[in-house]
Amino acid sequence: MKRITIVTGHYGSGKSELSINLALRIVSAERPVALLDMDVVNPYFRSRERRQLLEQHQVRVIGNSFGKDVGVDVPAVSAEAYAPLQDERTTTIVDAGGDPVGARVLGSFGHVLSKADCEVLCVVNALRPETQTPEQVVSLICGIEAESGLRMTALANNTHMLEHTSAAELTRGFELCHSVAEQLGLPILYHGVLQSLVAEVPGDWPGEIVPIAMHLREAWMHD
Amino acid sequence: MEKVLMKGNEALCAAAIRGGCRYFFGYPITPQNEIPEYMSRELPKAGGVFLQAESEVAAINMVYGAAGAGGRVMTSSSSPGIALKQEGISYICGAELPCVIVNISRGGPGLGGIQPSQADYFQSTRGGGNGDYRLLVLAPANIQEAVDLMTEAFDIADYYRMPVMILGDGMIGQMMEPVVFKTPAARELPEKEWATTGTGGARTPNIINSLRLDPAELEKLNLHLQEKYERVRANEVRYEMHQTDEAELVFVAYGTSARIVKNAVAVMRRQGVKAGLIRPISLWPFPERAFDELPGSVRALMSVELSQGQMIDDVKISARGRWPVGFYGRSGGMIFTQQEIVEAGEKMLREVSHVSGV
């Protein structure tokens with residue numbers, strides 16, 4: 001795994017949930033881990049809302065410069081963001097805002113990111129109405145690259161219908177990502193798969209399975 | 001159309017366009033910003049017009065103009081933005097214009113905060129504008145219901161020539177859920193013969209106006225409005241009875257609160273406490289008749305709101321003294337857990353038992 005993983009994609013694709021799960025997955029005694037929440041477009045359901053859980057697992061969480069994780073909707077990333085991006089020892093997950101407009105903030109860190117060892121992931125959920133075809137996903141990737149100044153290096157298949165996801169839907173997501181991967185010459189690095197569905201993933205899919213626990217869903221939403 | 005995963009705000013927009021919306025006038029405010037963003041991108045593709053106005057006041061008056069010209073038009077905002085629109089809403093009601101207004105509400109009063117709240121019940125059902133007017137207020141509790149109500153809202157507005165408000169708290173706007181877009185049963189809608197579409201020299205001009213200086217004329221308008229509101233009361237009441245059979249305690253909750261209360265009801269039923277829920281979907285007209293359907297086993301009602309208690313007034317009116325009415329709420333953007341509801345409900349049942357000596 002590269003030192004910095006930048007998680008981009010269409011909004012609602014599950015970037016924050018994947019970021020939280022990735023961060024908790026890579027926690028180790030050897031290297032510090034940071035989650036840098038750069039989402040300045042979504043007012044709710046941001047990864048920094050799970051600061052308590054992440055910090056319990058020794059993940060450093062960085063949000064906006066106001067020190068408030070809930071209730072502030074301002075385009076202000078904390079200057080603290082430079083610390084994990086520049087510290088060679090820290091494994092960092094960057095949770096970018098959705099769509100090209102949300103990825104724009106990454107551009108202001110270009111001078112740091114261009115010198116670092118970065119994975120730039122595009123998270124894809126084939127069940128979102130605006131990322132259902134390869135053409136839509138490729139167009140989204142072009143938009144994110146243009147706004148962020150970064151080149152996409154890999155895809156993450158995060159196809160889901162929340163807790164209602166079926167195995168057939170997972171496969172549909174894989175096929176979409178496979179088609180985009182072929183077209184752009186990118187690897188599929190991860191599959192975000194609900195814990196309950198992990199057993200149904202075919203063994204021959206390239207990439208790593210990340211079992212997803214839904215940390216941002218409240219208990220009452222599962223009805 | 002197949003099932004897709006959508007965020008409340010964008011699903012409302014997709015439903016509005018399917019429901020025939022072709023004009024949108026609005027002004028940004030959190031937590032409803034995805035609505036103007038989506039409309040600015042998608043409405044032109046449907047042959048419609050999106051315009052970001054210079055203020056909420058301007059936007060609602062643009063709605064007045066477009067509705068007067070016979071267009072299917074909507075605006076959206078969040079609590080303090082809806083407060084700014086109140087004058088325009090009263091004028092729209094006075095001029096009998098159809099439109100749809102979406103309020104994705106946040107904590108107040110004043111500028112408040114950006115987290116979800118249900119403290120706009122009074123604003124929605126009592127109105128902040130002047131005069132004897134009503135809004136037809138629909139409050140979805142999940143994204144599928146939001147889509148279904150939104151798709152139908154323009155037909156309802158045209159049918160009665162009055163504004164329909166979709167009231168969702170910030171959670172309904174921001175959360176994501178699977179949705180399927182359905183085609184609602186078509187209403188037979190009257191031609192908009194009153195609209196200012198140009199006379200072509202063939203008829204006397206239509207006038208869209210709420211000014212009636214002759215008191216007899218103004219009273220006549222008011223009597224006509226009341227007759228219309230009676231038809232709405234008779235035909236447009238919507239609600240859900242959830243596990244009210246043999247219930248001893250019946251919660252009353254709408255929107256996101258109702259979702260959490262349903263979970264609390266399930267917990268209580270598992271513990272052997274007979275709890276149920278009346279979920280108003282139309283907040284005006286309020287489902288008074290739902291209370292008449294309650295079984296004899298009911299010993300208490302409890303209004304549960306993300307506010308300091310507003311709908312409770314309508315619950316008390318509907319209870320007509322038949323049951324004690326308790327309250328539980330959080331406000332300012334704080335959201336109760338199902339456990340808080342369970343505890344509040346059990347406490348109320350204990351108190352009722354104590355008073356009646358059971």
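Heavy atoms only: backbone and side chains are in, while hydrogens, waters and symmetry mates are out. Chain naming here is simple, since letters A, B, ... match the order of the sequence lines and numbering starts at 1 in each.
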Chi angles and distances behind the side chain to side chain contact (heavy atoms under 4.5 Å, CB included) call for A:F45, B:M175: CA-CA 8 Å; A:F45 302 113; B:M175 71 189 292; 4.0 Å; yes

Shortest non-hydrogen separation from B:I114 to A:P43 and the atoms involved: CD1-CB, 4.2 Å

I'd like to know which of B:A14, B:G173, B:A266, B:P116 tops the heavy-atom pair count under 4.5 Å against chain A. B:P116

Between B:G107, B:G170, B:A264, B:G113, who has the most heavy-atom pairs with chain A when the cutoff is under 4.5 Å? B:G170

Applying a heavy-atom distance below 4.5 Å, give me the residues of residues 34-41 of chain B that approach chain A, sorted by number. B:E34, B:E37, B:Y38, B:R41

Flag the pair A:N42 / B:Q174 as yes when at least one side-chain heavy-atom distance between them is below 4.5 Å, and no otherwise. yes

Any side-chain heavy atom of B:T30 within less than 4.5 Å of one from A:D73? yes

Do you know which two heavy atoms are closest between A:P129 and B:V4, and how far apart they sit? CD-CB, 4.0 Å

Please walk me through it: do A:V70 and B:Q115 pass side chain to side chain contact (heavy atoms under 4.5 Å, CB included)? CA-CA 8 Å; A:V70 174; B:Q115 298 302 118; 3.4 Å; yes

Side chain, backbone, both or neither: which part of A:Q132 has a non-hydrogen atom closer than 4.5 Å to chain B? side chain

Atom CD of residue position B:Q271 - does it have more than 12 heavy atoms of other residues, nucleotides or ligands inside 6.0 Å? yes

I need the minimum non-hydrogen distance between B:P31 and A:Y44, along with the two atoms involved. CG-OH, 3.4 Å

Check the surroundings of atom NZ in B:K262: do more than 12 heavy atoms from other residues, nucleotides or ligands lie under 6.0 Å from it? yes

Between B:E10 and A:Y11, is there a side-chain heavy-atom distance shorter than 4.5 Å? yes

CD/A:E218 to OG1/B:T337 distance, rounded to the nearest 0.5 angstrom? 10.0 Å

Check ion pair A:E130-B:K7 (N to O, under 4.0 angstrom): no

Check whether any side-chain heavy atom of A:M161 sits under 4.5 Å from a side-chain heavy atom of B:M176, and report yes or no. no

A:E135: what forms a salt bridge (Lys or Arg N to Asp or Glu O under 4.0 Å) with it, not counting sequence neighbours? none

I need the A:W220 CH2 to B:I260 CD1 distance, nearest 0.5 Å. 5.0 Å

Nearest heavy-atom approach of B:E177 to A:L162 is CA-CD1, 3.9 Å

Would you mind checking which part of A:V72 comes under 4.5 Å of any heavy atom in chain B, side chain (CB onward), backbone (N, CA, C, O), both or neither? backbone

